[in-house]
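Values below: every heavy atom of this structure, side chains too, minus hydrogens, waters and symmetry copies. Just so you know, these numbers come straight off a predicted model, no measurement behind them.
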Amino acid sequence: KSQPRAEIAWVKDICVEKDRYIGWPSVCRLRNGDLIAVFSGDRDQHICPYGKVQMIRSKDGGETWSAPKTIADGPLDDRDAGIVQMTDGEIVVTYFTSVAYRAPGILKRHPEYRMADENLTPEIEKASIGYFRLVSRDNGETWRAVGGIGSFFTDIRFDRMVAGRL
């Protein structure tokens, strides 16, 4: 079945972090009408050790947005957040962590990135690398980490979605 083309209503900045890099946003309209955008923010650049999962909210259809709120900030680079609201109202945010900043070419240009790993034990690194999930039962006011997942789609209860809709 053919789907109508999306219409671009406006193009504007909804979050600016001065002298920082923001990447890979995802947005969800909640059942209560709020829009929540999640992204990897407070970064130096595309590949760096400082990425955090942040969110912003609009209560007026995207006209105005809140300041960014950090919802995940582990010891590694947190990146590529995605968001969906399940049919039971639970909001799920997924993201993964990366150590790509350790590549020799990047460390040559940014030797200060070595300091990001100073207190990182092998045990902490093992627990911190991978794919992760946060959930909220109060429309994104508070978040709870529910542990690592094997992939973006493991144990995220897509069976509760209406068939054929995402």
Side-chain angles (χ1 to χ4, degrees), residues 1-98 100-101 127-166:
K1 173 174 152 178
S2 180
Q3 189 168 276
R5 290 179 58 96
E7 180 182 326
I8 299 172
W10 43 257
V11 176
K12 65 180 176 181
D13 293 335
I14 62 172
C15 183
V16 176
E17 294 179 337
K18 187 173 175 13
D19 299 323
R20 305 306 286 157
Y21 181 97
I22 295 174
W24 318 287
S26 180
V27 66
C28 180
R29 182 181 303 277
L30 304 183
R31 287 192 282 174
N32 71 359
D34 289 3
L35 295 171
I36 293 183
V38 294
F39 51 90
S40 183
D42 198 20
R43 309 178 63 79
D44 277 354
Q45 59 182 354
H46 177 202
I47 298 174
C48 78
Y50 309 123
K52 301 170 175 67
V53 178
Q54 296 185 306
M55 67 165 270
I56 54 175
R57 178 189 306 268
S58 175
K59 293 181 172 283
D60 58 11
E63 290 298 317
T64 61
W65 292 83
S66 67
K69 173 183 176 183
T70 299
I71 60 174
D73 183 14
L76 302 176
D77 176 17
D78 302 322
R79 54 194 301 122
D80 288 28
I83 185 170
V84 65
Q85 187 171 35
M86 309 306 283
T87 57
D88 66 358
E90 182 176 75
I91 303 168
V92 179
V93 169
T94 59
Y95 65 98
F96 72 93
T97 58
S98 172
Y101 60 88
S128 302
I129 192 79
Y131 300 94
F132 297 90
R133 178 170 47 128
L134 304 169
V135 296
S136 174
R137 304 276 315 147
D138 58 5
N139 289 316
E141 296 298 328
T142 61
W143 296 92
R144 181 174 55 90
V146 290
I149 55 179
S151 74
F152 280 115
F153 303 109
T154 300
D155 192 36
I156 301 185
R157 297 192 340 251
F158 283 107
D159 60 308
R160 291 196 179 177
M161 301 177 104
V162 176
R165 294 183 58 206
L166 177 62

I need the minimum non-hydrogen distance between [X] and [Y], along with the two atoms involved.
X      : Y      : value
Gly51  : Cys48  : N-SG, 4.3 Å
Leu30  : Gln85  : CA-OE1, 3.2 Å
Arg31  : Thr87  : NH1-O, 3.2 Å
Val93  : Ala81  : CG1-CB, 4.3 Å
Ser136 : Glu141 : OG-N, 3.9 Å
Ile47  : Ala100 : CG2-C, 3.7 Å

Can a donor-acceptor pair be found, under 3.5 Å and without considering hydrogens, that links the side chain of Ser66 to the backbone of Arg57?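 Side chain of Ser66 to backbone of Arg57: a pair is present.
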Has the side chain of Ser40 got a donor or acceptor atom that lies under 3.5 Å from a matching backbone atom of Val53? no
Testing Asp77, Asp73, Asp78, Asp19 for salt bridge (charged side-chain N to carboxylate O under 4.0 Å, His left out) with Arg43, which one passes?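 It is Asp77; the other options fail the test.
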Measuring from atom [atom1] of [X] to atom [atom2] of [Y], what distance do you get when rounded to the nearest 0.5 angstrom?
X     : Y      : atom1 : atom2 : value
Asp80 : Ser98  : CG    : OG    : 9.0 Å
Arg79 : Lys52  : CZ    : NZ    : 13.5 Å
Ile91 : Met55  : CD1   : CE    : 8.0 Å
Leu76 : Ile129 : CG    : CD1   : 5.0 Å
Asp44 : Tyr50  : CG    : OH    : 5.5 Å
Lys69 : Ile56  : NZ    : CD1   : 13.5 Å

Could you check if a side-chain atom of [X] sits within less than 4.5 angstrom of a side-chain atom of [Y], using non-hydrogen atoms only?
X     : Y      : answer
Cys15 : Ile22  : yes
Asp88 : Arg137 : yes
His46 : Trp24  : yes

Test side chain to side chain contact (heavy atoms under 4.5 Å, CB included) applied to Arg29 - qualifying residues, sequence neighbours left out: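 Partners of Arg29 by the side chain to side chain contact (heavy atoms under 4.5 Å, CB included) criterion, ordered by chain and then number, come out as Leu35.
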Thr70 and Asp42: side chain to side chain contact (heavy atoms under 4.5 Å, CB included), yes or no, with the steps? CA-CA 9 Å; Thr70 299; Asp42 198 20; over 6 Å; no
Report the residue from Phe132, Trp143, Phe39 that forms a ring pair (Phe, Tyr, Trp, His ring centres under 6.0 Å) with Tyr95.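 Only one of Phe132, Trp143, Phe39 forms a ring pair (Phe, Tyr, Trp, His ring centres under 6.0 Å) with Tyr95, namely Phe132.
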Under-4.0 Å salt bridge between Asp34 and Lys59: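 Between Lys59 and Asp34 there is a salt bridge, with a charged N closer than 4.0 Å to a carboxylate O.
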